[in-house]
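One structure is given here, and the rest of the page talks about it.
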Amino acid sequence: EAQVTQNPRYLITVTGKKLTVTCSQNMNHEYMSWYRQDPGLGLRQIYYSMNVEVTDKGDVPEGYKVSRKEKRNFPLILESPSPNQTSLYFCASSTTTGTGSTDTQYFGPGTRLTVL
Amino acid sequence: AQKITQTQPGMFVQEKEAVTLDCTYDTSDPSYGLFWYKQPSSGEMIFLIYQGSYDQQNATEGRYSLNFQKARKSANLVISASQLGDSAMYFCAMREGQTGGFKTIFGAGTRLFVKA
């Protein structure tokens, strides 16, 4: 079954305690993304990756890091979380880079993060 | 700068009727992709339909069609024969091509209510 998995699904942490949210896809997709969703702001792209070892900043990259050492995995790292990073986070992967004649983007189930 | 606008914060539609959700975009990149997603109250993001900028024909997926008017920069989602299960938040998104660095941006969303 085609899927994007994220772990953990829920996380409550304290300011400054490093954390990693994992993301994995089983579809051999090249394009992967992280988004955060906040009330009234829709989804905003944090980082994205076009392929292994290729990552780029989205619109809100401050305070986040990513890596793409393997095609299937794209972890999101918060080195020193702060309360303004409390949000719902989604990982997603796409069949293509998304400007061709076809594309499908699959989302993970989301990770609800609370930083106290 | 790239931009996505969804002007309808909320929409009501009678069950079994068709409904159009508006989306306009702004980009100078000749190559881009347009996406629509559904987010039910359970929170997951569900891909609905995709349109590439070079596609001449409007995309269709079952009851969903994308009314693509390139000159007007509009990509409206049409849902035919609405069902109660269509009540959800709907997001329009755009991914630019190489000129825009393959970033993805989302609109603020439209909440659709289907009445029995």
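Note that the coordinates shown come from a computational prediction; the quantities given were computed from them, not determined experimentally. Note on naming: letters A, B, ... go to the chains in the order of the sequence lines (proteins, then strands), and numbering restarts at 1 for each one.
Side-chain atoms of B:Tyr50 and A:Ser94 include no donor-acceptor pair closer than 3.5 Å.
A distance of 11.0 Å separates CG of B:Leu48 from OG1 of A:Thr104, quoted to the nearest 0.5 Å. The CZ atom of A:Phe107 sits 12.0 Å away from atom CD of B:Glu44, with the distance rounded to the nearest 0.5 Å. Atom-to-atom distance recorded for B:Phe102:CZ and A:Asp56:CG is 10.0 Å, nearest 0.5 angstrom.
Heavy-atom minimum distance, B:Phe47 versus A:Gln105: CB-O, 3.2 Å. Here the closest heavy-atom approach between residue B:Lys103 and residue A:Lys57 is recorded as CE-O, 3.3 Å. Here the closest heavy-atom approach between residue B:Phe106 and residue A:Leu43 is recorded as CB-O, 3.5 Å.
Both B:Leu77 and B:Leu84 sit in one connected hydrophobic cluster of ILVMFWY residues. Membership requires side-chain heavy atoms under 4.5 Å apart, directly or through other members. Hydrophobic cluster membership differs between A:Val66 and A:Val4, with clusters built from Ile, Leu, Val, Met, Phe, Trp and Tyr side chains linked at under 4.5 angstrom. When the side chains of ILVMFWY residues are joined at heavy-atom separations under 4.5 Å, either directly or via intervening members, A:Phe90 and B:Phe91 end up in a single hydrophobic cluster. The hydrophobic cluster containing A:Val52 does not contain A:Ile77, counting ILVMFWY residues as joined when their side-chain heavy atoms lie under 4.5 angstrom apart, directly or transitively.
Neither the backbone nor the side chain of A:Leu41 comes within contact range of chain B; no heavy atom of the residue lies under 4.5 Å from a heavy atom of that chain. Using a 4.5 Å cut-off between heavy atoms, B:Gln6 does not touch chain A at all. Contact annotation for A:Tyr35: only side-chain heavy atoms (C-beta onward) come within less than 4.5 Å of a heavy atom of chain B.
Within a 6.0 Å radius of CD in A:Glu53, more than 12 heavy atoms belonging to other residues, nucleotides or ligands are found. In this structure, A:Arg44 places its CZ atom where more than 12 heavy-atom neighbours from other residues, nucleotides or ligands lie under 6.0 Å away. Heavy atoms from other residues, nucleotides or ligands lying under 6.0 Å from CD1 of B:Ile46 number more than 12. In A:Lys65, the NZ atom is not crowded: 12 or fewer heavy atoms of neighbouring residues, nucleotides or ligands sit closer than 6.0 Å.
Both tests hold for B:Arg95 against A:Tyr31: distance to the six-membered ring centre under 6.0 Å, angle to the ring axis within 45°.
The closest side-chain heavy-atom distance from A:Tyr48 to B:Thr104 is not below 4.5 Å.
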